[in-house]
Number of protein chains: 2
Amino acid sequence: MNRIQTTRVEARQHEPYEALRAEIARQHSRFSDRLKVIAEFALDHPTDMALGTVAEVAQRAKVQPSAIVRFARALGYAGFTELQQVFRSRLVASVAPSYKERIAGLRRDGDFRNTKTPRAVLARFASEGTVSLEMLQEGVSEKDLGRAIAILGAAHTIYVLGLGGSFPVATHLTYVLRKLGRRVVLLDGLGSALGEQANSATPQDALIAISFKSYNPDTKRLFPELVARKVPAVVITDSLLSPLVEGAKVVFEIPDMPEAALRTMVAPMCLAQSIAVGLTLTHD
Amino acid sequence: MNRIQTTRVEARQHEPYEALRAEIARQHSRFSDRLKVIAEFALDHPTDMALGTVAEVAQRAKVQPSAIVRFARALGYAGFTELQQVFRSRLVASVAPSYKERIAGLRRDGDFRNTKTPRAVLARFASEGTVSLEMLQEGVSEKDLGRAIAILGAAHTIYVLGLGGSFPVATHLTYVLRKLGRRVVLLDGLGSALGEQANSATPQDALIAISFKSYNPDTKRLFPELVARKVPAVVITDSLLSPLVEGAKVVFEIPDMPEAALRTMVAPMCLAQSIAVGLTLTHD
DNA sequence: TGCGTGATAGAATAAACATTCCAAATTACT
DNA sequence: AGTAATTTGGAATGTTTATTCTATCACGCA
């Protein structure tokens with residue numbers, strides 16, 4: 001009985017499931033013995049109801065499979081399968097809403113669809129940026145950050161690789177690192193000397209590479225070379241399937257947002273800055 | 001809100017699913033075409049993988065059911081059913097919004113003040129970024145945006161001036177503008193030729209200049225020159241007392257945040273991007 | 001005690017399902 | 001260019017799974 005009240009708080013999020021709970025509670029007294037057993041089991045073990053087969057649920061609830069089906073029918077469903085969908089909706093609702101769902105939520109708030117005025121464009125990019133920052137905060141682990149900082153902190157010289165759309169991130173990172181007194185080489189490919197710029201990198205140095213879809217060809221080419229030369233690499237990219245993942249010591253994954261008008265560099269910039277500033281902590 | 005954050009964190013700690021993600025990423029390059037498609041689908045739609053039947057998943061991923069099974073076997077599982085258990089474990093792990101998580105969430109929020117761990121640094125910068133994006137949205141007027149876009153839209157060539165800490169914003173703006181097919185000159189001072197780079201600017205062109213405290217000396221010198229030559233100027237800076245204000249046609253003021261550890265370029269980046277994309281609207 | 005009503009267990013059945021198999025197609029190799 | 005090897009699509013297969021059926025059981029009532 002308590003159970004029903006306490007979960008009420010979340011009722012709005014998974015409506016159908018909560019409605020089912022209420023219905024089961026309401027009908028409980030009218031049920032036959034066996035149905036009562038099943039009703040209690042269902043309220044206590046919603047996850048089992050969602051994922052188990054009829055036979056499994058029956059065994060756990062210590063009843064016959066047919067009783068489970070009768071239970072579903074008693075609640076007005078065509079069969080167990082239909083009832084199970086409701087329990088599954090609870091799982092789906094509880095899982096961390098993906099980028100897609102969050103954006104969908106945002107769109108409902110603002111008038112995102114009609115990106116007709118400059119102001120709306122700004123609003124859209126600002127919102128996307130906010131979401132991406134939130135996701136960044138949640139998605140980056142203390143462990144990865146620590147390892148990245150350790151690698152860069154131990155480096156004699158830090159090589160920064162970020163071309164094309166990622167170049168602003170690279171320049172910003174370079175700027176901050178230099179402000180903090182680090183030796184930094186920005187691999188900017190100036191004079192088509194990208195390879196030569198990276199020639200002096202050794203295993204005592206470190207590489208931090210930034211690249212997103214569609215990955216810059218020069219980045220794609222140079223990164224494996226440096227990895228092959230045993231230069232420890234920290235990577236900021238958009239997918240574990242990125243060409244920069246193989247051989248990297250640490251990978252920060254910043255997934256792209258679906259339906260984004262244009263990739264926002266807000267999160268990568270923020271992460272880069274955090275890594276750089278994080279370097280100062282180890283030296284206190 | 002708490003729930004979302006904590007489940008994300010837990011998901012990362014939750015071994016089997018994350019291990020599977022890593023394994024899929026590791027093997028991705030070795031997979032055949034069809035298997036690659038499925039691998040990407042699996043990473044993108046874990047919930048579908050958890051709850052769907054082979055036929056459903058196959059349909060959604062636009063492959064044959066048999067390919068799904070082959071995918072599971074390629075990863076070392078006996079079949080799809082076994083693979084699916086791993087995806088289901090993610091759902092199970094994400095449910096259970098117990099008091100445990102709330103405590104974890106609260107502690108993170110409490111950690112906010114003392115910026116001692118890399119994670120706290122990230123949290124701080126991300127929060128600052130979020131705030132600055134909100135303020136940007138509120139502080140920028142439709143009118144200024146429209147005027148800035150009109151000026152840049154009418155320009156034959158757009159000159160972008162942003163040095164020092166603002167250089168990343170300048171490179172990003174340049175990148176986006178060029179993607180959109182604009183003629184852009186990035187005044188980067190390469191080879192100490194800043195003045196020469198700007199020589200060709202005329203009143204038919206436009207200048208967009210970005211600079212923040214402490215204002216870059218070269219920017220401070222060059223900007224008035226261009227204004228004197230009647231090049232219409234749009235400015236992004238931090239104060240109306242900035243050296244870039246005099247002579248500017250439009251000024252976007254993005255004040256520095258009090259107690260900011262380091263100026264975040266998040267808002268300027270976002271504004272720059274919005275202006276650039278806003279240019280496309282007038283041409284529809 | 002005997003009859004009737006409804007519940008139940010367990011087997012029977014039918015549907016859904018994952019998996020396997022094989023021919024065709026594509027790719028790699030000689 | 002020809003052959004082997006791999007990949008792929010789609011139907012066939014065998015298994016699992018939900019559902020239905022029926023005989024039996026429990027219980028209330030006269």
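Computed from a prediction, not measured in an experiment: that's the story for all the values here.
Between the side chains of A/Tyr77 and A/Arg73, not a single donor N or O lies within less than 3.5 Å of an accepting N or O. Side-chain atoms of A/Tyr215 and A/Thr237 form no donor-acceptor pair, as typed in the model, at a separation below 3.5 Å.
With rounding to whole Å, B/Gln85 atom CD is found 12 Å from C/dA18 atom P. Across the protein-nucleic acid pair, B/Lys36 atom NZ and C/dT26 atom P stand 18 Å apart, rounded to whole Å. Between B/Ile38 atom CD1 and D/dT7 atom P there is a gap of 13 Å when expressed in whole angstrom units. Counting to the nearest Å, the P atom of C/dA18 and the CG atom of B/Leu83 are 12 Å from each other. In this structure, the CG atom of A/Asp33 is 9 Å from the P atom of D/dC27, given to the nearest Å.
Note: B/His172 NE2 to B/Leu177 CG = 10.0 Å, rounded to the nearest 0.5 Å. Between the CG atom in A/Asn199 and the CD atom in A/Glu225 there is a gap of 8.5 Å [rounded to 0.5 Å].
Within residues 48-82 of chain B, the residues approaching DNA chain D are B/Gln64, B/Ser66, B/Arg70, by heavy-atom distance under 4.0 Å.
In summary, of the residues considered (A/Val169, A/Thr171, A/Leu173, A/Thr174), a side-chain contact (heavy atoms from CB on, under 4.5 Å) with B/Pro168 occurs for A/Thr171 alone.
Among residues two or more places apart in sequence or in another chain, the salt bridge (charged side-chain N to carboxylate O under 4.0 Å, His left out) test is passed with A/Lys213 by A/Asp238.
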